[in-house]
Amino acid sequence: QVQLVESGGGLVQAGGSLRLSCTASGIIFRYVVMGWYRQAPGKQRELVARIFSGGGPNYADSVKGRFTISADSAKNTLYLQMNSLEPEDTAVYYCNAYTNLREYWGQGTQVTVSS
């Protein structure tokens with residue numbers, strides 16, 4: 001059974017930083033595409049960043065240069081380092097895993113950036 005558990009969200013002032021973590025169980029990182037998505041109130045869920053074994057990370061244009069996605073395979077944990085946060089980054093952030101033609105989601109963690 002695959003489980004994704006996010007942590008690290010919270011309230012931060014504009015210009016600040018947060019690091020999100022996603023601990024996965026039931027999957028092996030090197031065979032999985034892992035990513036972070038976010039959903040703001042009244043908006044569709046959107047890709048923030050993703051990473052997969054053997055390839056470089058991909059980022060949404062809106063976060064390039066500010067966010068960094070990384071993974072620790074030994075800990076089965078995915079990270080999202082978010083710097084220079086803006087009020088527009090306020091959303092629920094979800095961890096996502098895609099493997100064996102199936103998609104899995106975490107429960108989400110709230111990130112709120114005040115101006």
Leu78 and Cys95 have their tightest heavy-atom pair at CD2-SG, 4.0 Å
Taking every heavy atom of Ala91 against every heavy atom of Gln110, the minimum-distance pair comes out as O-NE2, 3.4 Å
Exercise. Same cluster for Tyr59 and Tyr79 if Ile/Leu/Val/Met/Phe/Trp/Tyr side chains link at under 4.5 Å?
Worked result: no
The complete set of salt bridge (charged side-chain N to carboxylate O under 4.0 Å, His left out) pairs with one or both residues in residues 88-97, sequence neighbours excluded, reads Arg38-Asp89, Arg66-Asp89
Those residues at least two apart in sequence (or on a different chain) that pass side-chain hydrogen bond (donor to acceptor under 3.5 Å, both in side chains) with Gln3 are none
In this structure, CZ of Arg50 is separated from CZ of Phe52 (nearest 0.5 Å) by 7.0 Å
Any heavy-atom pair between the side chains of Tyr93 and Met82 that's under 4.5 Å?
yes
Note: with side-chain heavy atoms under 4.5 Å as the link, the other cluster members for Tyr37 come out as Leu47, Val92, Tyr94, Trp105
Side-chain heavy-atom pair Trp36, Ile51 within 4.5 angstrom cut-off = no
Residues at least two apart in sequence or cross-chain that pass salt bridge (charged side-chain N to carboxylate O under 4.0 Å, His left out) with Lys43, listed by chain then number, are none
Residue pair Val48 / Ile69, side-chain heavy-atom distance below 4.5 Å = no
One should read off an interatomic distance between Thr77 OG1 and Met34 CE, to the nearest 0.5 angstrom, of 9.0 Å
Is Glu6 reaching over with its side chain to a backbone N or O of Gln107, donor-acceptor style, under 3.5 angstrom? yes
task = For Thr99 and Val32, indicate whether the former's side chain and the latter's backbone hold a donor-acceptor pair under 3.5 Å.
result = no
For residues 11-28, dump all side-chain donor-acceptor pairs below 3.5 Å to protein atoms at least two apart in sequence or in another chain.
| residue | atom | partner | partner atom | Å |
| --- | --- | --- | --- | --- |
| Ser17 | OG | Asn83 | OD1 | 2.9 |

Taken in chain and number order and not counting sequence neighbours, the residues that satisfy side-chain hydrogen bond (donor to acceptor under 3.5 Å, both in side chains) with Asp61 are Lys64
